[in-house]
2 protein chains.
Amino acid sequence: MSDQTLTDRSPDSDRAGGSAAFSPLYQQIKALLLQGLDRGEWKPGEAIPSELELAARFQVSQGTVRKAIDELAAENLLLRRQGKGTFVATHHEAKVRFRFLRLTPDDATPAVSGSRILDVRRLKAPADVAALLELRSGETVVNLRRVLSFDDSPTILDDIWLPGAPFKGLTAELLEASRSPLYALFESEYGVSMVRAEEKIKAVAADAAQAELLAVEVGHPLLQVERISFTYGDRPMELRRGAYLTERFHYRNSLN
Amino acid sequence: MSDQTLTDRSPDSDRAGGSAAFSPLYQQIKALLLQGLDRGEWKPGEAIPSELELAARFQVSQGTVRKAIDELAAENLLLRRQGKGTFVATHHEAKVRFRFLRLTPDDATPAVSGSRILDVRRLKAPADVAALLELRSGETVVNLRRVLSFDDSPTILDDIWLPGAPFKGLTAELLEASRSPLYALFESEYGVSMVRAEEKIKAVAADAAQAELLAVEVGHPLLQVERISFTYGDRPMELRRGAYLTERFHYRNSLN
DNA sequence: AAGTGGTCTAGACCACCGG
DNA sequence: CGGTGGTCTAGACCACTTA
């Protein structure tokens, strides 16, 4: 957060000029904060500077900084805590986990969960994966497959693809040693913060491989969830293809 | 919007008292606006009074009204249009329709859609339906079933339950005569605005009835979507059980 | 008591829309 | 041109946390 290149707002500049694209000050502040987050100036879980300090730094009023932070907080990139400060969102919290895992038990019984890694491989990205992750075809990716169980019954089959460069040194051992959720691991081990995701959902019939791993017959209906997760600059950083068993679980969603 | 019962904010009142629940002024304004919307003071598509007028009416500053409206706009109850005014959200708009229908063609080809009403009945609410619609068991409900087709292939099977009282006089003829989406009809004919919904999604196997209507074999995987829609006071006003064919469509979702 | 975010005000000015 | 929402400021005061 060194150089601050706010658009000149004197009467002769863009604001009064008319034709140039008009960008409010608070949007420029927001962009600067985003840059700071992206380059890791403040790490997940840490506090960013106070509103007054940022206002002084950017030479604007507290209200303008406030509006920028408001938007970032609404997007769940920042977390405000009255009396304490404003903090960078992190996946190292129980409540945040259900923001991305929408599968919920039909009855509210909390379930014991377990993860079993099937394999972790590095390979050249298949064309479809490369396209979705915005990689050049032939670039290295990490492919990770696992089974998630609840109360000892296998429920989720995940086929996860990650760009190779940011995830150097990701091994099965490392994954098995970690007890935190995957996105928390990505955050603390690789500095990759997942901020937003898009999902496409279908109902499909289980193929032979899926049927065996989930202990159902071939043809059994499965919820197929394809997710692309993004970091700060809307840069795709994970492709995840999941197959969910939905006998005792459902995918919940809110429409606003 | 007649009586305005804002909490006294003098030094001796709740704000300084300490123990009473503290509610910011703008939240009280928001609640008043919500009341006005609920009682139909301003109809969907109409403009609400300007910020300055509301500020004068409620004896607060424009900024405070603004913050109340900001939240209602964020929840999609109101729509701000610079230079024109603030409008009550309505389902009579193409863009709003895809806020509740999350099924999207895999390739972006726009599809011609058609609706066929199977039947419309009035009956005493089954126990599960009554519970979800927060009705006393035995109260009358309207049950409506239909098939939605895209490009002439049946794709969505809807089983819709509505509380009988607000939807008096709903008939198959009326539905078939209308070319607007269901929620738009509810709005203009029955004064019921759907504002928010919760969905629970599973993958299931088609039963005999579903298989025939959707022209697939029994056992074919279907996306089963149970939706409860709410009006202004978070009052449930529709239970919808849908079965979606997802060969050429998918359910899209964004995780923030 | 000091420092943080949260509320509220009053006023100025800008961007956009319509007559 | 007047009216609308949108931005920005400066300042006061409140609520909450920590020490």
Side-chain angles (χ1 to χ4, degrees), chain A residues 6-33 42 46-74 77-89, chain B residues 6-31 33 42 46-74 78-89:
Chain A
L6 299 186
T7 302
D8 178 11
R9 302 183 79 72
S10 63
D12 301 288
S13 68
D14 68 352
R15 190 123 175 222
S19 73
F22 164 61
S23 167
L25 246 188
Y26 76 88
Q27 288 287 2
Q28 301 179 40
I29 306 291
K30 184 183 171 187
L32 287 174
L33 291 174
W42 315 292
E46 291 179 7
I48 68 171
S50 77
E51 295 178 351
L52 282 172
E53 186 176 336
L54 289 170
R57 182 185 305 189
F58 296 136
Q59 302 269 47
V60 299
S61 77
Q62 182 186 4
T64 300
V65 170
R66 218 178 145 62
K67 185 148 188 182
I69 292 179
D70 275 345
E71 293 204 352
L72 293 169
L77 301 202
L78 295 178
L79 194 66
R80 320 190 75 140
R81 283 191 245 169
Q82 189 176 39
K84 302 185 69 175
T86 300
F87 298 78
V88 182
Chain B
L6 299 185
T7 301
D8 178 11
R9 301 183 79 71
S10 63
D12 302 289
S13 68
D14 69 350
R15 190 121 174 222
S19 74
F22 164 60
S23 167
L25 246 188
Y26 77 87
Q27 288 287 2
Q28 301 179 41
I29 306 291
K30 184 183 172 186
L33 291 174
W42 316 291
E46 291 179 8
I48 68 171
S50 76
E51 295 178 351
L52 281 172
E53 187 176 335
L54 289 170
R57 182 184 305 187
F58 295 138
Q59 303 268 46
V60 299
S61 76
Q62 182 186 4
T64 300
V65 170
R66 218 179 144 63
K67 185 147 187 183
I69 293 178
D70 275 346
E71 291 204 352
L72 292 170
L78 295 177
L79 195 66
R80 321 191 76 140
R81 281 191 246 169
Q82 189 176 41
K84 301 184 70 175
T86 301
F87 299 79
V88 182

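These numbers come from the heavy atoms of this one structure, side chains and all, not from hydrogens, waters or symmetry mates. Letters go in sequence order (proteins before strands), and every chain restarts at 1.
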Subject >> Interatomic distance, B/Ile29 atom CD1 to B/Gln59 atom CD [nearest 0.5 angstrom] >> reply: 10.0 Å
If you take all heavy atoms of [X] and [Y], which pair is closest and at what distance?
| X | Y | result |
| --- | --- | --- |
| B/Ile69 | B/Glu51 | CD1-CG, 4.0 Å |
| B/Leu54 | B/Pro49 | CD1-O, 3.6 Å |
| A/Tyr26 | A/Thr64 | CB-O, 3.6 Å |
| A/Leu32 | A/Phe58 | CD1-CE2, 3.7 Å |

**OP:** Could you check which of D/dG5, C/dA15, D/dT9 has an atom nearest any side-chain atom of A/Val60?
**Re:** D/dT9
Subject >> Among D/dG5, D/dT9, C/dG6, the one nearest A/Arg80 by side-chain distance >> reply: C/dG6
To the nearest angstrom, how far is [X] atom [atom1] from [N] atom [atom2]?
| X | N | atom1 | atom2 | answer |
| --- | --- | --- | --- | --- |
| A/Glu51 | C/dA2 | CD | P | 20 Å |
| A/Glu53 | C/dA2 | CD | C1' | 15 Å |
| A/Leu79 | C/dT4 | CG | C1' | 14 Å |
| B/Gln82 | D/dG5 | CD | P | 10 Å |
| B/Arg81 | D/dT4 | CZ | P | 15 Å |
| B/Phe58 | C/dT9 | CZ | C1' | 18 Å |
| A/Gln59 | D/dT9 | CD | P | 10 Å |
| A/Ile48 | C/dT4 | CD1 | P | 12 Å |

Original post:
Centre of B/Phe87's six-membered ring, under 6.0 Å away, within 45 degrees of the axis: is that where NZ or CZ of B/Arg81 sits?
Top reply: yes
Subject >> Within residues 61-71 of chain B, residues whose heavy atoms come under 4.0 Å of DNA chain C >> reply: B/Ser61, B/Thr64, B/Lys67
**OP:** Compare side-chain N and O positions of B/Lys84 against OP1 and OP2 of C/dC16 and report whether any pair is under 4.0 Å apart.
**Re:** no
Original post:
Does A/Ser50 make a side-chain N or O approach to OP1 or OP2 of C/dG3 shorter than 4.0 Å?
Top reply: no
Subject >> Pairing residues for B/Glu53 by the salt bridge (Lys or Arg N to Asp or Glu O under 4.0 Å) criterion, not counting sequence neighbours >> reply: B/Arg57
